[in-house]
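A short worksheet on the structure shown next.
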Amino acid sequence: MKKAAYSFPEEVLEHVFSFIVSDKDRSSISLVCKSWYEIERWCRRKVFVGNCYAVSPPILIKRFPELRSVTLKGKPHFADFNLVPEGWGGFACPWIRAMAGAYPWLEEIRLKRMVVSDESLEIIAKSFRNFKVLVLSSCEGFTTEGLAAIAANCRNLRELDLRESEVEDLSGRWLSDFPDSYTSLESLNISCLGNEVNLLALERLVSRCPNLKTLRLNRAVPLDRLPNLLRGAPQLAELGTGAYTSEMRPDVFSNLAEAFAGCKQLKTLSGFWDVLPSYLPAVYPICSQLISLNLSYATVQSPDLIKLVSRCEKLQKLWVLDYIEDDGLEVLAASCKDLRELRVFPSDPFGLEPNVALTEQGLVSVSEGCPKLQSVLYFCRQMSNAALNTIARNRPNLTRFRLCIIEPRSPDYLTLQPLDDGFGAIVEHCKDLRRLSLSGLLTDRVFGYIGTYGKKLEMLSVAFAGDSDLGLHHVLSGCDNLRKLEIRDCPFGDKALLANAAKLETMRSLWMSSCSVSFGACKVLGQKMPRLNVEVMDESGPPDSRPESSPVEKLYVYRTVAGPRLDMPGFVWTMDDNSALRIS
Amino acid sequence: MEEMVMATLDLITASPHSSSSSSSSPTTDNNNNHPSSSSSSSSSSLCLSSISTRRTDLSTDLRLGLSLSPSHYSTPSREQRSSFDWPPVKSTLRCTLVEKSQISQFVKVYMEGIPIGRKLNLLAHHNYHALVKALANMFRTTILCPDSHQLPLISGNNVHVLTYEDQEGDWMMVGDVPWEMFLTSVKKLKITRADRC
C-alpha cells in the first residue's frame, strides 16, 4: 500500500478540520478518503441526528467516539398537530444510557419531539461532569423531579431550555435545588411550566448569575415580581414575561417601566399571557432596541398592537395573533423595514366566520413594505391568485412560505378558481424557497409547478390538495433537494409512491395520512427498499385484517441504517423484507 | 361576498370521522351560524356515505363528474373542527385561545358554617391546584389538595376539603376526574370540614 509522501501529519489535518463546522462540510470531508474519514471521525465534536431512528446509539458511538454535543429529533412534525398517537416512539432513554457510558465529557444534549423520562434526566445529571446545555424542545414524559436532579447536580450548566415541552409540574420546589454556589446560568426557559416556581429562589438565582442572557418565565410568574427580576439581571438580552396583567396601579406600572428601561441590552421579548393593554406602554422605553417580538399569546386588539409595533423600528421577527388585522400589518410594513420573519396566528381557529379584519391584503402590504422579508407563516380566511402573484413578485427572496387558509379547499375568493397559479408564482419567483406549506383549493397543476420550479425546496407540507397520483409524482420526481414531505388528506396513492421509491432514500422522511395508499403497496415498498423503514400506523387494528387494497390510516417512511425499530407500539407495523408482517 | 359564495354551496354536515354518532343527523351546533346550515339536512343523507370514507371517495367522485367545488366537502362544526386537528395550530396556543374564547363559568362557593357564599370563575383557573389555592386565599383556610396522598388525619376546625355538587345533585370530592370533565359537571362548590368526610 503506497503512502503518499506529501500527506500531512494527522495533527495538521485535525487542526484544519477544526475550522470546518457545518455538518454538510464535515460529511464531505469524511468522504474524501479513508484516512480523512478516520481523522475526521475522531475529531468530530458535534452531531445532528434529524431522525433518531435513522441510526442507532451503537452506530453513532462507534463512528464518533469523542462527541461533545448531540442533537436528536424524534417524532414527525405532524405530531405537533396531534396526528401521531400517544406511545408512537421517540424514546430518549436508550440514547442517553448509551451516551452516558460512551461520552463522559458530553456537554450538550438537544432533543426535539422526544419522550424523556425523569430517569433519563437523572442519568444526565449524574453522568456528565462538564454538562453545559440541555434543550428539550416539544418533549414530554418528564416531571419537575427530573429537573430537580439537573439543578442539583449540573455544576457547569449554562443553558436549561424546556421550550414547548409538556412537563408534569409536581411542584415549583425544583428551582431551589440549584445550589447557592451555582452561578453559571446563561439561559433559562421555563415558559411551558404550569405551576408557580419558588419566586424567591428564582430571584436569587437570577441575580447571582452575571452571565444570564435569556430568561423566559412561565405564565404563573406574576407581573408585579417582574421588576425585581429585571433589576437582578440588567444584562438580559432575551426576556419572556409571565402573565402580563395585574391590578392597574400607577406604582406597579412605573416600577415596571423603569425596570424595562434599565435593561439596555434587551432585544427579544415574548410571553405576554393575559395582557392588560394599559400595561403595554411599560415596554415602550425599549421598543427601539427590539429585534424580536413574540406576541402569539397576547389577546389584545389591533390599536394596542399598532402602538407597540410602530415603535419597533429595528424589528426583525414578529409573531402575532391575527388581532393585528390588515391595518396593523400596513403599519408594520411602514415602520419595520428590517423585518425578516412574520408569523400571524389565528385567534379563532375553529370559528367558521372571520372574527377579525385580517385578509390576504395584510400579507401583501408586508411583502411590499419589507424588503428583507424571508420567512412567512400566515393564517387567514381568504386568498387570491392575484395576491399570491403580487407577493411572489414583491419578495423573490422568500425562503420559507407557509400559508394556511383556514377552511380546507378554499378557492380564490375572487375568481373561485383553484390557487394553483398563485402558488405556482411563489415557487417560480422565489428561487431560494426551502420550505413551503400549501392550502386552499389546489389541483395537480400546482404540483407540476412545484416539481418544475421548486429545485431548492427541502420541506413541503400538503393538506386537502391534488386530484391524483400525478400530483405526488411531480413532487417526488421534480424536487431535487426534497428532504421532508408531509401529506394529509390528499388523493395520492400507490402508483406515484412505488414509481418513486428510490427517491425516498434521498429524503429524511415521508408522512402520508388519510391518503389512498394501500396496504399492499406499503408491503411492496417495504420489501423493495431494505434501507427504508416503511411504517404503517392504524389504530383500528392490524392492516392485514383488511383487504390488501384498503388504504392505510397513516404511513411514515424514512431512510435508516439501523434496520426496523424494535420499540413500536401495538398500532405501528413495519413492512420489511420478511413478507410476513412483523407485529410488535 | 362570502354569503354569495356560501349560498351556492351544497353543504353536507356529517363529520369526516363519522364512526358512530354524528352521521345520522345534521350538526345541531350552536356555534354554527352559517347562512346555509338550515338547508343541509336534505343533502346530508345523500352524501353521508361518501363523506365517511372521504379519502378514498375522491376518485369515485371525479369519475362521476362531480365538480371539485368546495360544495362537496363538509364544513364541520366548531367542536368537530377542533377534534379534526385542523387548522394546524400547536396545542399550547390552541389551549390559550380556547380559554380566552370561553365565557366565564361562575359557581357559588359556600364554606361550612358561613351562611353567605361567594362566587368564583372556574375558567380563571387551569387546574385543581390553582382552584384550591384561590379558594384557600378567598376563605383564609387550609384546603387539602385533591391530588395529595394525605388522608385528612389532621383534626381541628381549620382544615377543610373541597366538595362539589354535580349535575345529578350528588355531592362529590373534588379531584377524582380530569379537570375538563369536572368543569362540565360541577354546579356548585362547598368547602367542608376535613373531619366530616
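Everything numeric in this text was worked out from a predicted model, so none of it was measured. Chain naming here is simple, since letters A, B, ... match the order of the sequence lines and numbering starts at 1 in each.
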> What are the two closest heavy atoms between B:R193 and B:E112, and how far apart are they?
Replying inline: N-OE1, 2.9 Å
> What part of A:N355 is in contact with chain B, defined as an atom under 4.5 angstrom from a non-hydrogen atom: side chain, backbone, both or neither?
Replying inline: neither
> Between A:G493, A:P418, A:P346, which has the largest tally of heavy atom pairs under 4.5 Å with chain B?
Replying inline: A:P346
> Where does A:F78 contact chain B at under 4.5 Å (heavy atoms): side chain, backbone, both or neither?
Replying inline: neither
>> So for atom CD, which belongs to A:E539, do other residues, nucleotides or ligands contribute more than 12 heavy atoms lying within a distance under 6.0 Å?
In response: yes
> Heavy-atom distance under 4.5 Å to chain B: side chain of A:I405, backbone, both or neither?
Replying inline: backbone
> Do the rings of B:F182 and B:W179 sit parallel, tilted or perpendicular, given the 30° and 60° boundaries?
Replying inline: tilted
>> Counting only heavy atoms from other residues, nucleotides and ligands, does the tally under 6.0 Å from CD of B:Q167 exceed 12?
In response: yes
